[in-house]
*Asks:* 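My questions all concern the structure below.
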Amino acid sequence: MKKIKNFQLCFYDKLGCYDEAFYDRDDVDIFYAIECLTEYENPYYPDEFQRLFVNFDDETKCEIKLEEQ
């Protein structure tokens, strides 16, 4: 069974990924990463967005997407 290694928050603009942050699986700051996904679009930087990934101990990477129900 795979285990979560960490969470990876990536920040993008029109040129690609310009920054990233890693959070341990027990790190409560992961809530900051989730909050970044739900923020409203910034009118001053419309090309910027964030993506959140979970990295597993077997090197598998999956993207976490929030979908409104």
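Being a predicted model, the structure only gives us computed values, none of them experimental.
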*Asks:* Going from CG on Leu9 to CG on Leu52, what distance comes out if it is rounded to the nearest 0.5 angstrom?
*Replies:* 6.0 Å

*Asks:* Step by step, would you call Glu48 with Lys14 a side chain to side chain contact (heavy atoms under 4.5 Å, CB included)?
*Replies:* CA-CA 7 Å; Glu48 290 194 1; Lys14 61 183 174 184; over 6 Å; no

*Asks:* May I ask you to check whether over 12 heavy atoms, not counting those of Lys61, lie within 6.0 Å of atom NZ?
*Replies:*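 Atom NZ in Lys61 is crowded, with more than 12 foreign heavy atoms closer than 6.0 Å.
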
*Asks:* Considering only Ile, Leu, Val, Met, Phe, Trp and Tyr, and joining two whenever side-chain heavy atoms are under 4.5 Å apart, list the other residues clustered with Phe49.
*Replies:*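 Traced through the cluster, Phe49 reaches Tyr12, Phe53.
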
*Asks:* Output the distance between atom NZ (Lys5) and atom CG (Asp24), rounded to the nearest 0.5 Å.
*Replies:* 11.0 Å

*Asks:* Taking side-chain contact (heavy atoms from CB on, under 4.5 Å) as the test, write out the residues that go with Ile4, two or more places apart.
*Replies:*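 Only Phe7, Arg25, Val54, Phe56 meet the side-chain contact (heavy atoms from CB on, under 4.5 Å) criterion with Ile4.
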
*Asks:* Got a second to check how far Gln8's CD is from Glu63's CD, nearest 0.5 Å?
*Replies:*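 It is 10.5 Å, given to the nearest 0.5 Å.
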
*Asks:* Under 4.5 Å between side-chain heavy atoms, counting indirect links through other Ile/Leu/Val/Met/Phe/Trp/Tyr residues: same cluster for Leu15 and Tyr18 or not?
*Replies:*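 Per the 4.5 Å side-chain linkage, Leu15 and Tyr18 are not co-clustered.
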
*Asks:* Provide the closest heavy-atom pair for Asp58 versus Lys2 in the form atom of the first, atom of the second, distance.
*Replies:*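 Result for this residue pair: OD2-CD, 3.5 Å.
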
*Asks:* Look up atom CG in Leu66 and atom CD in Glu35, then write down how far apart they are to the nearest 0.5 Å.
*Replies:*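 So the CG of Leu66 and the CD of Glu35 are separated by 11.5 Å.
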
*Asks:* Working note: Gln69 + Glu67, criterion side chain to side chain contact (heavy atoms under 4.5 Å, CB included); need CA distance, chi angles, decisive distance, verdict.
*Replies:* CA-CA 6 Å; Gln69 297 292 313; Glu67 184 177 302; 3.4 Å; yes

*Asks:* Run the side-chain contact (heavy atoms from CB on, under 4.5 Å) test against Asn6 and tell me which residues pass, sequence neighbours left out.
*Replies:* Phe22, Asn55

